There are 2 protein chains.
Amino acid sequence: MTGSTTSIDREQFRQMLESFMAKKGLRSTKQREHIVEAFFAQPDHVSIEELLARVRERDSSIGYATVYRTLKLLAESGVANERKFGDGLTRYELADGDAHHDHLICVECKRIVEFEEPRVEALQEEIAARHGFVIRSHKHEMYGVCPECQAKAKAPAAKMA
Amino acid sequence: MTGSTTSIDREQFRQMLESFMAKKGLRSTKQREHIVEAFFAQPDHVSIEELLARVRERDSSIGYATVYRTLKLLAESGVANERKFGDGLTRYELADGDAHHDHLICVECKRIVEFEEPRVEALQEEIAARHGFVIRSHKHEMYGVCPECQAKAKAPAAKMA
DNA sequence: CTCATTGCAAATAATTTGCATGTAA
DNA sequence: TTACATGCAAATTATTTGCAATGAG
């Protein structure tokens, strides 16, 4: 029911990953399966430590190096994208090849809101073409203050007294 | 002669910095002056180490911690913006409050091309308004393959033979 | 004189890597 | 059996911080 228009489904991602691994002669292990599973279950800007915690609920012996290595694998295979927002952490999300969503980030409360805007996509194509680039991916992040934090900033009457 | 339409000039940036420092009771030192000078001389996505190298040409005794601290200061004062592209380095650029330029990055040769597109700006405002956000800044990066690298990829005839 | 600033080196934090052992294929 | 994969701990890399000495106001 989350039905986004053109997004790739889990099955296709599994296929991508499988064929990538086959091509490179990589092996399927229970650790990798757990990690990929956990990632698919929580595909939005997860950090390594979040993922590790989740994965360890299933198999507490999994080491963090394996999570790092597997996420890098997912990124190489095109299934995941690496993201660095302001904090020092690398986060990963589903590559989501078509339904390009972008981010609106509150600089006060750090909330992350996603949005989609096809017209921005169109402009990107145009800009890329102008410079002769073939686009692989993009990041579009807007940093600002969310409605809640604006309200908080306006009504600090109690504190000011 | 680089005359971009609405960009803030150096003088204004110096003013911003000065009033920020005055407000916070911070002091002006020769190290800070050197660093700020070096930054203004090379304001596009410079890394700390690049800046440090340049600053040490003038005063070789300046420590790298000071560069880190000063750049953070510039960011807080609104004069500089922090940027993290793919590599592990934090880069800084002039905040450039109005002439919002964005980046087109070649994933092969790492070249960074800047572009400006007012229509993207307009759409951003619209999106922000839709979510009730007040925008402070934004990042818009497109990753792809530049014309040169496309050419290189197409003509490896010698290699393929 | 007072307190911010500096340089250095040590401390953190995130990520990567070497290696002996485990394990898909 | 033959590599690839894993877990651990040690290594790296980028950045931050404690502190005694220095210097601005």
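Computation of the quantities below employed the complete heavy-atom set of this structure, encompassing side-chain atoms and omitting hydrogens, waters and symmetry-equivalent molecules. Residue numbering restarts at 1 for every chain, and letters A, B, ... go by the order of the sequence lines. Owing to the predicted nature of the structure, the values given are computational and were not obtained by experimental measurement.
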What's Lys30(A) touching, base or sugar-phosphate or nothing? Going by heavy atoms closer than 4.0 Å. nothing
Nearest-Å distance, CG (Leu71(A)) to P (dT6(D))? 12 Å
Within this structure, what is the CD-to-C1' distance between Glu18(B) and dG25(D), rounded to whole angstrom? 15 Å
N or O in side chain of Thr90(B) less than 4.0 angstrom from dT15(D) OP1/OP2: yes
Rounded interatomic separation in angstrom, taking CE from Met21(A) and P from dA24(C): 12 Å
Map Gly25(B) and Arg56(B) onto DNA chain C by nearest heavy atom, then report which one ends up closer to the 5' terminus. Gly25(B)
Rounded off to whole Å, could you give me the CG-to-P distance for the Asp59(B) and dG23(D) pair? 11 Å
How many Å lie between CD1 on Ile48(B) and P on dG7(C), as a whole number? 14 Å
Ile62(A) CD1 to dT23(C) C1': how many Å, rounded? 15 Å
Is any side-chain nitrogen or oxygen of Gln31(A) closer than 4.0 Å to OP1 or OP2 of dG7(D)? yes
If you assign Ile35(A) and Leu26(B) each to the DNA chain D nucleotide with the nearest heavy atom, which residue ends up on the more 5' nucleotide? Ile35(A)
Give the rounded distance in Å between these two atoms: CG of Leu89(B) and P of dA14(C). 17 Å
Residues, nucleotides or ligands: over 12 heavy atoms within 6.0 Å of Glu18(B) CD: no
Side chain of Tyr68(A): nearest nucleotide among dA10(C), dA4(C), dA14(C)? dA14(C)
What's the closest nucleotide to the side chain of Tyr64(B) if the choices are dT15(C), dT6(C), dT15(D)? dT15(D)
Please evaluate residues His103(B) and Phe115(B) with respect to the criterion ring pair (Phe, Tyr, Trp, His ring centres under 6.0 Å), reporting the C-alpha separation (whole Å), side-chain torsions for both, the decisive distance (0.1 Å), and the verdict. CA-CA 6 Å; His103(B) 302 105; Phe115(B) 66 87; 8.0 Å; no
Mind checking Arg32(B) for me? I need base, sugar-phosphate or nothing, with any heavy atom below 4.0 Å counting as a touch. sugar-phosphate
Apply the test salt bridge (charged side-chain N to carboxylate O under 4.0 Å, His left out) to residues Glu37(A) and Arg32(A): give CA-CA distance (whole Å), side-chain angles for both, the deciding distance (0.1 Å), then the verdict. CA-CA 8 Å; Glu37(A) 217 43 60; Arg32(A) 283 180 178 165; over 6 Å; no
Pick base, sugar-phosphate or nothing for Lys72(B), based on heavy-atom distances below 4.0 Å to the nucleic acid. sugar-phosphate
Strictly below 4.0 Å: does Thr29(A) bring a side-chain N or O up to OP1 or OP2 of dC4(D)? no
Measuring from atom NZ of Lys139(A) to atom NE2 of His138(B), what distance do you get when rounded to the nearest 0.5 angstrom? 15.5 Å
Of the listed dG7(D), dT17(D), dG23(D), the closest approach to the Arg27(B) side chain comes from dG23(D)
Would you kindly say whether Ser28(B) and Glu33(B) are connected by a side-chain donor-acceptor distance under 3.5 Å? yes
Looking only at N and O atoms, is any donor in the side chain of Arg69(A) or the base of dA5(D) less than 3.5 Å from an acceptor on the other one? no
Separation of dA14(C) atom P from Arg91(A) atom CZ, nearest Å, is 11 Å
